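Being a predicted model, the structure only gives us computed values, none of them experimental.
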There are 2 protein chains.
Amino acid sequence: MIGDPGGGFVSPTFDQVIRIGRPVTPENGGERKPVRIEEVARIAGVSPITVSRALHQPGRVSEEKRLKVQQAVEVTGYASNPHARALRSGRSNIVAAFVSNIVSQQFGLAVQGCAEVLEPRGFQLMIGQTSYSYARETSMIQSLLALRPAAVLFTGVVELEENRSFLRELGVPVIETWAFPPDPIDMLVGFSNTDGGRMVAQHFAAQGYRRVAFIGRSGGRGLLRLAGFRDGVRSAGLKLVAELSLDTVSGLSDGQRALNQLLDSHEKIDAVFCANDLIAMGALLEASRRGLNMPGDIAIAGFGDSDLAAEIPPGLTTIRMDCRQIGRRAGEMLLARLNGETDGSSSETVALELVKRGST
Amino acid sequence: MIGDPGGGFVSPTFDQVIRIGRPVTPENGGERKPVRIEEVARIAGVSPITVSRALHQPGRVSEEKRLKVQQAVEVTGYASNPHARALRSGRSNIVAAFVSNIVSQQFGLAVQGCAEVLEPRGFQLMIGQTSYSYARETSMIQSLLALRPAAVLFTGVVELEENRSFLRELGVPVIETWAFPPDPIDMLVGFSNTDGGRMVAQHFAAQGYRRVAFIGRSGGRGLLRLAGFRDGVRSAGLKLVAELSLDTVSGLSDGQRALNQLLDSHEKIDAVFCANDLIAMGALLEASRRGLNMPGDIAIAGFGDSDLAAEIPPGLTTIRMDCRQIGRRAGEMLLARLNGETDGSSSETVALELVKRGST
DNA sequence: TTGTACGCGTTATCAG
DNA sequence: CTGATAACGCGTACAA
């Protein structure tokens, strides 16, 4: 931690109920004036600074005064003004979270997991949507960072080098997630797409399928998943009959078309690994339409465990990444750093899980 | 607007690039000290307060000084410290948004729409998840409100009377969405579930279906949709053959079971209105499984236009609520209020749209 | 362990 | 239209 020679960030911990101002009673005529530290101090019979310490550095205050302060806080419903704190200390209790798309279920879960960990410790997650746009990302970074966040979370990786170095110099804990960039800004929580592909191959082998195929996009994560799949196929001695590459995937129809193409041009395919669930569900629907039984005639596996993977008959076998867990771990790592328990950058992998359903 | 006799809230408008501190150059040795208003004032040859006014109340400053300030701002990359502003003015540029579940696509879209409108005007959306829990809602309200937000948005309606009156007395614009409570806290943007049901009935009539049925949950929004459906059925002279009520709806299987029950106990049903898309998709899958052609043998319509409604063959006819538009309108109404352009509470309805697909 | 003095960066107020 | 002054509420630094 920079700028804090005193031994790490003391996270705000409010055990009391946080309430702004006292309850409105007939006596104060509907006025809802925030309680200030001075009043708490008066009631507790101590100085304002002792109140501050009692709340944020309980160890530095005698038990006796600490209790008095606690009582006074409860009576008044005092909650410190976060802006005044941030102004004075140069750091707020806000954690800035950047997502490329708020509406994405996966990113949503990650944010949710992170909030679960951070909120009980008094931090507020401030979410900014970068909309898969460098310009937006840059501008969001600038305006959220004006709030002097205690830490910064990205669901994803910061791509623009300009932003990476800006964040590096900011002197605030930064955590990236999802992927594994060669040179992380600071901390990292991700999962291995390659591992996921490998797991599917192993599963196919364990189920006794021999002739397997792959359908996926021709770039990005899909390639990593394919790499792992190939590796697993080789180790298990399976036969990779075909690799079908799609330029874009925009709907179920892409998966449907791909499966048809695959089945029409290759004989006897036991199992197909689709690099994501959307493709897989399309393939699944098409297999049903062709009257194929799953997994008897053909087995299909996806990647991502999307919403409907469990719902769509006969249930799609898929790789689940625990997005909420990614968020939770990210939150925990940030907390550890903010409390000065860890130092330096660290990187972690969240395990994937193969969810077996009716399709294999 | 409370506490601002001077004529409404002046929204922060930063046309310049918001940058914190000047670029790091070898000369300043990696130090990234925030630029303060004083320095901008010195460079522009005016007083700090004039800089402040030039940025936030351009009308009150002479053109000449305004330009000088603008230049100085560009040179330094000045951006005001939001905490200092909030501390002094008692109001931040933060808009608190409460959602019951971040991961929900619909709420996500609403938040997205609202952010689209508010962010260009210099506001930051701070999202809090209430997790469908009163306790969480109360605690989130208290801690987000400590940030003295400029306004408050709810995707949904505040149910707890204690929180409603708290928000009412807060003196900050509040906007609720989605439903129409009898006694809104302040402003409101919603859509009419009843209208949606009516639209489906009219569509069924227009398509020539006569004998229709309803499947839905036995409470909440489902009932409103049923009410509208009944009304439309009556007006159009259709025959409502059956109303099937479900206690809970947790997966596609509920819809599948419901359709079976319906078809097994009633003869010749032309069309079924399912009160939400999950039920409808279950029914759709089951109809396919039974070998029924859609819409020839049976027509099915849903409500909500969820992700897969367009994808699932033959395409689900459904009622689309434009969630992003709800958010956008909410943002616009908040802005108008913050700028003092409107006064008093107002309430608005966002139109629904029937999306016709293969299932009808 | 406790308290005093001061400053964080900005804007409200009021006088010019 | 412009500027001087004070204050927003809290925490750091230092002294007791």
Closest to the 5' end of DNA chain C, once B:Ile37 and A:Arg53 are matched to their nearest nucleotides, is A:Arg53
Separation of D:dG11 atom C1' from A:Arg88 atom CZ, nearest Å, is 5 Å
Are the side chain of A:Ser92 and the backbone N or O of A:Ala86 linked by a donor-acceptor pair below 3.5 Å? no
Answer yes or no: does a side-chain N or O of B:Ser80 lie under 4.0 Å from OP1 or OP2 of C:dG9? no
Taken to the nearest whole Å, CD/B:Gln57 to P/C:dT13 is 11 Å
With the side chain defined as heavy atoms from C-beta on, A:Lys65 is closest, among D:dC10, C:dT2, D:dG3, to C:dT2
Checking D:dG11, D:dT2, C:dT10 against the side chain of A:Ser52 (C-beta onward), the nearest is D:dG11
Out of D:dC1, D:dG3, C:dA12, minimum distance to the side chain of B:Ser89 belongs to C:dA12
Determine whether a donor-acceptor pair (N or O, by modelled atom type, separation under 3.5 Å) exists between the side chain of B:Thr177 and the backbone of B:Leu188.
no
**Study point:** Check: B:Met187 main-chain N/O paired with B:Ser347 side-chain donor or acceptor under 3.5 Å
**Key:** no
Separation of D:dT2 atom C1' from B:Glu64 atom CD, nearest Å, is 12 Å
Testing D:dT12, D:dT2, D:dG3 for proximity to the side chain of B:Val61, the answer is D:dT2
- Item | Phosphate contact (D:dC10 OP1 or OP2) by A:Tyr78 side-chain N/O below 4.0 Å | yes
In whole angstroms, the gap separating P of C:dT11 from NE2 of B:His56 amounts to 4 Å
Of D:dC10, D:dT2, D:dC8, the nucleotide closest to the side chain of B:Leu87 is D:dC8
When rounded to whole Å, the CD1 to P distance for the pair B:Ile49 and C:dC14 reads 14 Å
To the nearest 10 degrees, the angle between the two end axes of the helix from C:dT1-D:dA16 to C:dG16-D:dC1 (five pairs per end) comes to 30°
Inset, instruction - Return the orientation label for the A:His83 and B:His83 ring planes: parallel under 30°, perpendicular over 60°, tilted otherwise. - result: tilted
A:Glu38 atom CD is separated from C:dT4 atom P, nearest whole Å, by 12 Å
Exercise. If only atom types and distance count, is the side chain of A:Glu176 paired as donor or acceptor with the main-chain N or O of A:Ile185 below 3.5 Å?
Worked result: yes
Among the nucleotides D:dC1, C:dT11, D:dG3, whichever has the atom closest to the side chain of B:Arg85 is C:dT11
From CZ of A:Arg36 across to P of D:dG11 the rounded distance in Å is 14 Å
Nearest-nucleotide check on DNA chain D, A:Ala84 vs B:Ser47; residue mapping nearer the 5' end is B:Ser47
Rounded to whole Å, NE2 of A:His83 lies from P of D:dC10 at a distance of 12 Å
Taking the side chain from A:Glu116 and the backbone from A:Arg328, do they hold a donor-acceptor pair closer than 3.5 Å?
no
Side chain to side chain contact (heavy atoms under 4.5 Å, CB included) with A:Val174: of A:Val158, A:Val152, A:Leu153, only one passes, and it is A:Val152
So NZ of B:Lys68 and CD of B:Glu64: to nearest 0.5 Å the spacing works out to 5.0 Å
